[in-house]
Amino acid sequence: MSLLQQADLVSVPPSRQAIRQRVRQLRQQLTASEQSQAASQLAEQVLNQAAVIAKQHVAVYLANDAELATGPLIQALWQAGKNVYLPVLHPFCPGYLLFIHYQNHTELKPNRFGIPEPRLNCANLMPVAGLDIIFTPLVAFDAKGNRLGMGGGFYDRTLSQLPANSPCQVIGLAHNCQQVDQIPTESWDVPLQQLITPAKYFDFRNL
Ligand SMILES: Nc1nc2c(c(=O)[nH]1)N(C=O)[C@@H](CNc1ccc(C(=O)N[C@@H](CCC(=O)O)C(=O)O)cc1)CN2
Ligand SMILES: Nc1ncnc2c1ncn2[C@@H]1O[C@H](COP(=O)(O)OP(=O)(O)OP(=O)(O)O)[C@@H](O)[C@H]1O
């Protein structure tokens, strides 16, 4: 075995920042047709899950940075009669998200990251604990359900508000190429219970 190979065996696992950079680059290389096929497959996968069928209040996101697109999923959820909510950056509690009811006619405005979000309106606000499912975006995940996001801690902070015995299910959505061997975790990370890619359903509970 060469010295180079030996060095490889003891090499430190990639850092969170290195994983972010590599996986963001990988998903940005998906073609427009791969993206749109993935988005349609996702909608089909999600609507077939027992975990989703009986649920009413579902938080989704609008894709940014080559994330798995949710257009077809949102249409399918609406068609199935579900209430759909989108994350909005909290105006007074920095780093937290609020969830706002999203309907066909809802006006959207880009937030400071350029991601479209509904206007804040108390009448359309759903408390986190009132959601049945929160579909989260993410940059990378591993086989244990660890989740790495864009680095703002928005979902980690917001999900940490859920009571320990909450029936709300936290389900990651990602392209297949976003799975990595191992994510180095931090104390504040909120792991995923389930994750859906266009090809596969992962259940990380009772691992
Ligand atoms: N689609 C989607 N919506 C979401 C999230 C997300 O990850 N995806 N978020 C999940 O938390 C929140 C927003 N968090 C974000 C954090 C960083 C960047 C981002 O693009 N960062 C740039 C630097 C931009 C800047 O500093 O102005 C970068 O890292 O290149 C985007 C969203 C709420 N909504
Ligand atoms: N529950 C929390 N309370 C306070 N700070 C937090 C909490 N969760 C995360 N943070 C802070 O947020 C910052 C970013 O966290 P991290 O890199 O894990 O975000 P991320 O998972 O990539 O992003 P996101 O959750 O928005 O998708 C960290 O500096 C961390 O200290």
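Just so it is clear, the values below take in all heavy atoms, side chains as well, and ignore hydrogens, waters and symmetry mates. Remember, it's 1-based here, ligands and their atoms both numbered in the order they're listed.
Atom CD of Q161 has more than 12 heavy atoms from other residues, nucleotides or ligands within 6.0 Å. Annotation for Q56: atom CD counts as buried by contact number, over 12 foreign heavy atoms lying within 6.0 Å.
Using bins of under 30°, 30° to 60° and over 60° for the plane-to-plane angle, the ring pair F113/F154 lands in the perpendicular bin. Relative orientation of the F141 and F202 rings is perpendicular, given thresholds of 30° and 60° on the angle between their planes.
Residue D189 touches ligand 2 through its side chain alone, judged by heavy-atom distances below 4.0 Å. Heavy atoms of R16 found under 4.0 angstrom from ligand 2 belong exclusively to the side chain.
Among all protein heavy atoms, the one lying closest to atom 28 (C) of ligand 1 is R24 NH1, 3.4 Å. Protein heavy atom nearest atom 2 (C) of ligand 1, with residue, atom name and distance: E67 OE1, 3.4 Å. Given atom 26 (O) of ligand 2, the protein heavy atom at minimum distance is F154 N, 2.7 Å. When hydrogens are left out, the protein atom nearest atom 7 (C) of ligand 2 is R157 CG, 3.4 Å; that is the closest non-hydrogen contact. Closest to atom 17 (O) of ligand 2, if we only count protein heavy atoms, is R20 NH2, 2.9 Å. For atom 27 (O) of ligand 2, the closest non-hydrogen atom of the protein is R147 NH2, 2.7 Å. The nearest heavy-atom contact from the protein to atom 21 (O) of ligand 2 is D156 OD2, 2.9 Å. Nearest protein heavy-atom neighbour of atom 9 (C) of ligand 2: W188 CD1, 3.1 Å. The single protein non-hydrogen atom nearest to atom 14 (C) of ligand 2 is G151 O, 3.3 Å, given as residue, atom name and distance.
Contact of the N146 side chain with the D189 side chain is not registered, since no non-hydrogen atoms from C-beta on lie closer than 4.5 Å. Side-chain contact between N176 and P198 is present, with heavy atoms from C-beta onward closer than 4.5 Å. Counting heavy atoms from C-beta outward, D142 and D181 have side chains that stay 4.5 Å or more apart. Between I19 and V139, the closest side-chain pair of non-hydrogen atoms is not below 4.5 Å. Side-chain contact between Q182 and K144 is absent, with no heavy-atom pair separated by less than 4.5 Å.
Here is the list of ligand 2 atoms found below 4.0 Å of a heavy atom in Y155: 24 (P), 25 (O), 26 (O). Atoms of ligand 1 lying under 4.0 Å from at least one heavy atom of M150, given by number and element, are 7 (O), 16 (C), 17 (C), 18 (C), 19 (C), 20 (O), 31 (C). Interface atoms of ligand 1 facing N64, defined by a heavy-atom separation under 4.0 Å, are 1 (N), 31 (C). Distances below 4.0 Å separate heavy atoms of L62 from the following atoms of ligand 1: 1 (N), 2 (C). Interface of I115 with ligand 1, defined as ligand atoms under 4.0 Å from a residue heavy atom, comprises 2 (C), 3 (N), 4 (C), 32 (C). Within ligand 2, counting atoms from 1 as listed, the ones closer than 4.0 Å to a heavy atom of M150 are 22 (O), 23 (O), 27 (O). Interface of L97 with ligand 1, defined as ligand atoms under 4.0 Å from a residue heavy atom, comprises 33 (C).
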Hey, mind stepping through D65 and Q28 against side chain to side chain donor-acceptor pair (under 3.5 Å) and telling me if it holds? CA-CA 7 Å; D65 190 58; Q28 273 157 15; 2.6 Å; yes
Could you check Q194 against Y201 for side chain to side chain donor-acceptor pair (under 3.5 Å), going step by step and ending with a plain yes or no? CA-CA 7 Å; Q194 302 163 75; Y201 165 73; 2.6 Å; yes
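With hydrogens and angles left out, the side-chain atoms of Q35 and H175 include a donor and acceptor closer than 3.5 Å.
Ligand 1 lies less than 4.0 angstrom from a heavy atom belonging to P137. Residue E117 places no heavy atom under 4.0 Å from ligand 1. Residue D65 places every heavy atom at 4.0 Å or more from ligand 1.
Put simply, atom 26 (O) of ligand 1 has no protein non-hydrogen atoms near it, under 4.0 Å away. Protein heavy atoms come within 4.0 Å of atom 19 (C) of ligand 1. Under the 4.0 angstrom criterion, atom 22 (C) of ligand 1 counts as lacking any protein heavy-atom contact.
Counting heavy atoms only, G149 comes closest to atom 20 (P) of ligand 2 of the residues S160, G149, P137. Of the candidates Y155, F113, Y61, Y155 brings a heavy atom nearest to atom 9 (N) of ligand 1. Nearest to atom 23 (O) of ligand 2 by heavy atom, out of G153, P87, G95, is G153.
To the nearest 0.5 Å, the span separating CZ on F204 from CD1 on I171 amounts to 11.0 Å.
Between L195 and A174 the shortest heavy-atom distance is CD1-CB, 4.5 Å.
For E107 and R119, the salt-bridge test passes: some basic side-chain N is under 4.0 Å from an acidic carboxylate O. Of the charged side-chain nitrogens involved, at least one lies within less than 4.0 Å of a carboxylate oxygen, so that R205 and D203 count as a salt-bridged pair.
In terms of polar-atom proximity, defined here as any N/O pair under 3.5 Å, Y96 makes no such contact with ligand 2.
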